[in-house]
Amino acid sequence: MYAEIIVLRNHANLDQLFTYTVPLNLEAVITVGSRVMVPFGGESLEGVVWHLAHETSVEAAKLKAILFCFEPTLSLPETLLNVTAFMKETYLSTHAEVLQLLLPTGTLVEAVQQYTFITDEPLAHTKATPSIKQLASWIQDAGVCEENMIDIPFSQALVKRNLKQLVALNVLSEKTVYVQKVKDRYVSRYHAEDITDQTRASIPAHYHAKHRALDYLIKHPDGKLSVLREGARISKSVIDWLKHDGLIKVTEVEDRRMPSFMESVSAKKSVQLSPDQTTVVGAVRKHFLEAPTMPVLLRGVTGSGKTEVYMALIDSMLKVGRRAIYLVPEIALTPQMVSRLAKRFGASRIALMHSKLSAGERFDQWKAMREGSVDIVIGARSAIFAPIDNIGIIIIDESHEHSYRSERRPKFDTYEIAKYRALQEKALLIEGSATPSIDSVHEVLNGRRQMFALEKRYNVHEPPKPEIIDMRQELTAGNRTILSRRLYEAIEERLERGEQSIIFLNRTGHSTFVTCRSCGYTLTCPNCDITLTYHKHENKMSCHYCQYESFVPRNCPSCGSSYFKHFGVGTEKLEETLKKFFPHATIGRMDRTTTSRKGSFEAILERVETEEIDILVGTQMIAKGLDFENVTLVGIISVDLLMNMPHFQAGEMTYQMVQQVSGRAGRGALPGEVILQTYQPEHYAINCETYHAFYEHEIALRQRLNYPPFCRMVNLLFLSRSEATAEDYAEKTFQYLKANLFKKDLHSMVEIFPAHPALLKKIDGNYRFQVLMKVQSEGYEAVKGWVDKLQTRFVSISDCKINIDLNAKNIL
DNA sequence: AGCACGCCGACT
DNA sequence: GTCGGCGTGCTC
């Protein structure tokens, strides 16, 4: 028997099937989708079986045998092999690249050559070079060794060559051993030894980091090393010092526990649907019977009970023996979803899948799914690759969220994969949102999706309409602070009435930067050519794109002026300002810094819930899901940065954000108020009365400017260490494409823009130039073909890489 | 991609 | 004679 295999090495040259013979002992276990180890050009690699055959056209001399086959529960189901092929086609990636995304833990084992010393006797009879002699004696001392352990001052290539010779001379014996790759199942824990005041006194006071570390250790003598690092805000070097001086003991502990919320199994609770929900569930069921391949869009604001509808639909699928995939936009939302579904269907039937699972957990979840013992898979976007069969329903909750698009290669869109899987399994695909994306609604209006609405909010007021404050007028009136007079008064009112406020600060597209007031010089990253972001806590500047960090100079490096100040508002600055204005109020802050520690997110929520916090300041994090009855005011500090992003979806994103944040006010008996500050009070994204009005405005704009959904944006990015090279390739490609598109009579369907530097011209030492095309759907396949050819050509070009985005959204 | 193989120049 | 560097071509 022969097996045709895709090897898991991501390179265009290797993206083909390689044929191997199946040894007799594996014939019974091997299947299509099996994960195997195979010999491949001097080494051994992991591969996935694509076909099994009884014949082959490959000459016998070339064929090698499969070395090893992993257990059946690790193999890929055939449906996922189809998904792989689909993704390769759709995103022009390699099989290996897609497979690495789908498989639970990359490569599981590694084959290593092991050498044992036998005798140096043959060396006496041959002329041995100095490097051979040295190698032989090194291994004689070591006894047994692996190649990468050998430490002698000769090139790796030479060591390799010499090892072969020594084996041929019978000086060494050679053996292949399989090394289990270290899996992420272990976690480093520390235990603090006795730390006394004496210890602390011995450290000079100006060693702030060391003192932070000791203070932290006194409070938390045991814990995870990573938590210590974050909690005490210390670097690796301080950890090393602690270890070296014996202040902590570090041990590797196996970390295989299941996510804790998975353990509690609750009794099933029967649910009473509201009339609206019952109607929608019935309508969706009917629709599925009549048009099973047409996806469903469920419109309904937060709190309208979409989840109940999903659960009812899942229930009916489970009853006929089919399974469900439930996707949520963020990993943070999975626990609450799991517990809700566990209460209804029982925890043992649920699997969890997302990128933050430890290798052990992921492994366990994968096995459970593969064995068929779970019926519902919940997770973030990667859960769309759940290795389950017989899917009856795929749910994409809050489908407008941008996290459903992967920004890493392969740049997939979860909806596209979901649609493919739903079609393959004849399953119902249902997406839900309060503010559906323009694309979704456009599809509905074109008869490609079916919309159902669930509009009523229960026990909740309609989301209040924002009151728009013109910040330009604030400036003319002499108010230079970030709070408008109106918002100030509104907060003050809440404080007097004992109600709570949420102040939202949009940070998307926002940076806190340092600039010279005298000459305008701004600190930028030397690698990426973008503005460095200021972090007050560490008093450091850092780059968002690479790891570059720098201290803040006292004076301007350009003109020497001391008017060198940081600008822009961060949550910290906002919190400070509020403290100054309302010294008696309790202010809570929620952003990435304050919630990095485990449980701190919940702790802050708790303080809001118990009404200890009067004013909650925060970023995106507080935009969704928070449900507090006593919050009657939402202030939005500025939407301008979002509105003005260099992005065709800026309007859509602004609208969605404002809707979401506004929904946080007036969720209880008291009506809510939303105050929105801006420098462009007339902007359409904040002035539409209804979603429908917004859609009409936005879609007209998209059509006029020829943006998606009226075209596909295909972006070609050229990367090179040299600016001239990147520009050159971009320019040549532009000319080439332009000439060929005209020849092929595609020019009426493709708008091509000249080569130009990307907005972020340099990232991590690479210069970036791009060529953008807007492609009408009739011309898309042809353009894709051209682009694919282009990509193949670039395989052999070493000084310039091409990065293709066939469905570009943000072009930075 | 990784790795052998082979040729050339440098160095002992 | 030995070794490192780099360009080329192949991997079932």
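Hydrogens, waters and symmetry mates play no part in the numbers below; they use all other heavy atoms, side chains included. Order of the sequence lines fixes the chain letters, A, B, ..., with proteins taken first and strands second; residue numbering starts at 1 for each chain. Model, not experiment: these values are computed from the prediction.
Partner A/Tyr2 forms a side-chain contact (heavy atoms from CB on, under 4.5 Å) with one of A/Val58, A/Ile66, A/Leu63 and no other, that one being A/Leu63. Residue A/Tyr420 forms a ring pair (Phe, Tyr, Trp, His ring centres under 6.0 Å) with just one option from A/Tyr91, A/Phe86, A/Phe385, and that option is A/Phe86. Of the residues listed (A/Leu166, A/Thr129, A/Leu158), the one engaging A/Leu135 in a side-chain contact (heavy atoms from CB on, under 4.5 Å) is A/Leu166, and it is the only one.
Within residues 9-20 of chain A, the residues having any heavy atom closer than 4.0 Å to DNA chain B are, in order of number, A/Arg9, A/His11, A/Asn13, A/Leu14.
When the P atom of C/dT11 is taken as reference, atom NZ of A/Lys64 falls 9 Å away, rounded to whole Å. What separates CD of A/Gln134 from C1' of C/dC3 is a distance of 13 Å, to the nearest Å. Going from atom CD1 of A/Ile152 over to atom C1' of C/dT2 covers 14 Å, rounded to whole Å. Atom pair A/Arg161:CZ and C/dG5:C1' shows a separation of 11 Å (rounding to whole Å applied). Straight-line distance from the CG atom of A/Leu45 to the C1' atom of C/dC12: 12 Å, rounded to whole Å. When rounded to the nearest whole Å, the span between CG of A/Leu158 and P of C/dG5 equals 11 Å. Regarding A/Asn162, its CG atom lies at a distance of 11 Å from the P atom of C/dT2, rounded to whole Å. Regarding A/Glu4, its CD atom lies at a distance of 10 Å from the C1' atom of C/dC12, rounded to whole Å.
A/Phe154 comes within 4.0 angstrom of sugar-phosphate atoms only, judged by non-hydrogen atoms across all strands, and of no base. Residue contacts for A/Thr21: at a heavy-atom cut-off of 4.0 Å it reaches no nucleic acid atom on any strand shown.
Closest non-hydrogen pair, A/Leu81 versus A/Val49, comes out as CD1-O, 4.0 Å.
Contact footprint of chain A on DNA chain B: nucleotides with an atom under 4.0 Å from a non-hydrogen protein atom, first to last in 5' to 3' order, B/dA1 to B/dA4.
For the 3.5 Å distance criterion, the side chains of A/Glu147 and A/Gln113 fail to qualify, holding no donor opposite an acceptor. At a cut-off of 3.5 Å, with distance as the only test, a side-chain donor of A/Ser237 or A/Ser235 sits close to an acceptor on the other residue. A donor atom on one side chain and an acceptor atom on the other are not found under 3.5 Å apart for A/Glu401 and A/Ser403. At a cut-off of 3.5 Å, with distance as the only test, no side-chain donor of A/Gln100 or A/Asn10 sits close to an acceptor on the other residue.
With sequence neighbours excluded, no residue forms a salt bridge (Lys or Arg N to Asp or Glu O under 4.0 Å) with A/Arg370.
Nearer to the 5' terminus of DNA chain B, by closest-nucleotide assignment, is the contact made by A/Val795 (compared with the other of A/Val795 and A/Lys160).
Contact annotation: A/Thr129 side-chain N/O to C/dC3 OP1/OP2 distance is under 4.0 Å. Contact annotation: A/Ser155 side-chain N/O to C/dC3 OP1/OP2 distance is not under 4.0 Å.
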